[in-house]
Participant: 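Structure incoming, see below.
In the text below, chain A, chain B and the rest are named by the order of the sequence lines, each starting its count at 1.
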Protein chains: 2
Amino acid sequence: MDDICHAIADATRRAILDELVQRDGQTLFELCGRLTMKHGISSSRQAISQHLDVLESAGLVIARREGRYKFHWFNGEPLKAITQRWPTKGR
Amino acid sequence: MDDICHAIADATRRAILDELVQRDGQTLFELCGRLTMKHGISSSRQAISQHLDVLESAGLVIARREGRYKFHWFNGEPLKAITQRWPTKGR
DNA sequence: TTGACAGGCAAGCCCAGACTTGCCTATACT
DNA sequence: AGTATAGGCAAGTCTGGGCTTGCCTGTCAA
């Protein structure tokens, strides 16, 4: 729970999730490009990589390495824990 | 959105929300006592007060002053924005 | 009106975490 | 083999924010 909330607390990480929702299975470099183009985020590759690590350990991103590429998928399941913990009275 | 995610990113603030869900309309001192007793949180009154400010500006807590007391209520509405932003595929 | 009680304000401390920099590994192409 | 590409690792910097400290304001009861 701590991991999940901490993961979405950063604006860049939220943008990464947005990007993955829009186009699943992106690589690190692909994400860097799209984040710069479409979200106005100009962080270094390492910064994005570190964000992906955070998202991955929170379970919000699933990653798999294939050859020299590493693909990333969005996973929204962990987010359920938030609305399950506190009542939103009529979603 | 930034306010909401930032607000729930802290464990103490999540405990405050838990407490308010369990017993709505608590005062600052009441919350301090209960957080110490039931959640093992031993922060100062000022710390809790600052947390309440954060929660209030995120819209997760509604507060009203009455005489020398200030009562706090939980409000889960803003949390909807999270699950509405990203798909959780079959809640 | 004076004391106790509920809360607010503001300055400062300190550390987690976001970001950079520099270098290294591994895979693929020619 | 050599080079380019995709990504990883680790150390260092620096700012935001959580927390404390000290003092002040406002409300109520005796």
Side-chain angles (χ1 to χ4, degrees), chain A residues 1-20 23-37 39-73, chain B residues 1-20 23-37 39-73:
Chain A
M1 172 53 105
D2 196 67
D3 291 336
I4 302 166
C5 291
H6 170 249
I8 61 173
D10 185 271
T12 302
R13 283 196 289 268
R14 289 197 298 272
I16 292 176
L17 292 184
D18 288 339
E19 252 308 310
L20 286 180
R23 169 184 277 229
D24 236 353
Q26 294 192 55
T27 67
L28 175 55
F29 274 39
E30 223 175 323
L31 275 168
C32 285
R34 294 189 152 241
L35 287 170
T36 307
M37 297 293 103
H39 300 261
I41 294 170
S42 57
S43 300
S44 69
R45 175 182 60 85
Q46 286 79 356
I48 305 298
S49 175
Q50 284 166 13
H51 281 309
L52 283 171
D53 287 342
V54 173
L55 289 168
E56 197 176 345
S57 54
L60 290 168
V61 161
I62 312 283
R64 205 179 73 215
R65 185 115 195 205
E66 270 178 41
R68 65 170 157 174
Y69 299 102
K70 188 177 181 185
F71 302 100
H72 302 82
W73 290 273
Chain B
M1 172 54 105
D2 198 67
D3 290 336
I4 303 165
C5 291
H6 170 247
I8 61 173
D10 185 89
T12 302
R13 282 195 291 266
R14 289 197 299 272
I16 291 176
L17 293 183
D18 287 339
E19 252 308 309
L20 286 180
R23 170 184 278 230
D24 236 352
Q26 294 191 55
T27 66
L28 174 56
F29 275 37
E30 222 174 325
L31 274 168
C32 286
R34 294 190 151 238
L35 286 170
T36 307
M37 295 295 101
H39 300 261
I41 294 171
S42 57
S43 301
S44 69
R45 175 183 61 86
Q46 285 80 356
I48 305 298
S49 175
Q50 284 164 15
H51 281 308
L52 283 171
D53 287 342
V54 173
L55 290 168
E56 196 174 347
S57 53
L60 290 167
V61 161
I62 312 283
R64 205 178 72 215
R65 184 117 196 204
E66 269 178 42
R68 65 171 157 174
Y69 300 101
K70 188 177 182 185
F71 301 100
H72 302 83
W73 290 273

Participant: Please state whether the phosphate of dG8(D), meaning OP1 or OP2, lies under 4.0 angstrom from any side-chain nitrogen or oxygen of S49(A).
Facilitator: yes
Participant: Could you tell me the separation between the CG atom of D2(A) and the P atom of dA16(C), rounded to a whole number of Å?
Facilitator: 13 Å
Participant: Reading nucleotides 20-30 of chain D 5' to 3', which nucleotides get B (base under 4.0 Å from a protein heavy atom), which S (sugar-phosphate only), which -?
Facilitator: BBB----BS--
Participant: Could you pull out all donor-acceptor pairs under 3.5 Å where a side-chain atom in residues 25-32 of chain B meets a protein atom, sequence neighbours excluded?
Facilitator:
unit_1 : atom_1 : unit_2 : atom_2 : d
Q26(B) : NE2    : E19(B) : O      : 3.4
Q26(B) : NE2    : E19(B) : OE1    : 2.8
Q26(B) : NE2    : R23(B) : O      : 3.1
T27(B) : OG1    : E30(B) : N      : 3.2
E30(B) : OE1    : T27(B) : N      : 3.3

Participant: Given that H72(B) and H51(A) both sit by DNA chain C, which one's nearest nucleotide is further toward the 5' end?
Facilitator: H72(B)
Participant: Tell me the interatomic distance from I48(A), atom CD1, to dG17(C), atom P, rounded to whole angstroms.
Facilitator: 18 Å
Participant: Treating T36(B) as the side-chain partner and I41(B) as the backbone partner, does any N or O pair qualify as donor plus acceptor under 3.5 Å?
Facilitator: yes
Participant: Provide, to the nearest angstrom, the distance between the CG atom belonging to D10(B) and the C1' atom belonging to dG17(D).
Facilitator: 9 Å
Participant: Rounded to whole Å, please give me the gap between CD in E30(B) and P in dC5(C).
Facilitator: 16 Å
Participant: Measure from CG on L55(A) to C1' on dG17(C) and round the result to the nearest Å.
Facilitator: 14 Å
Participant: Can a donor-acceptor pair be found, under 3.5 Å and without considering hydrogens, that links the side chain of R64(A) to the backbone of F71(A)?
Facilitator: no
Participant: Backbone N or O of A7(A) within a donor-acceptor pair of the R13(A) side chain at under 3.5 Å?
Facilitator: yes
Participant: Measure the distance from CG on L52(B) to P on dG17(D) and round it to the nearest whole Å.
Facilitator: 18 Å
Participant: Please check: side-chain N/O of S43(B) versus main-chain N/O of I48(B), any donor-acceptor pairing under 3.5 Å?
Facilitator: no
Participant: Does the side chain of H6(B) get closer than 4.0 angstrom to OP1 or OP2 of dG18(D) through an N or O atom?
Facilitator: yes
Participant: In whole angstrom, give the distance that lies between atom CZ of F29(B) and atom C1' of dA6(C).
Facilitator: 5 Å
Participant: What salt bridge (charged side-chain N to carboxylate O under 4.0 Å, His left out) pairs are there with at least one residue in residues 40-62 of chain A, not counting sequence neighbours?
Facilitator: E56(A)-K70(A)
Participant: Starting at atom CZ of R64(A), determine the distance to atom P of dA6(D), rounded to an integer number of angstrom.
Facilitator: 18 Å
Participant: State, yes or no, whether a side-chain contact exists between L20(B) and L55(B) at a heavy-atom distance under 4.5 Å.
Facilitator: no
Participant: Is the distance from OP1 or OP2 of dT27(C) to the nearest side-chain N or O of K70(A) less than 4.0 Å?
Facilitator: no
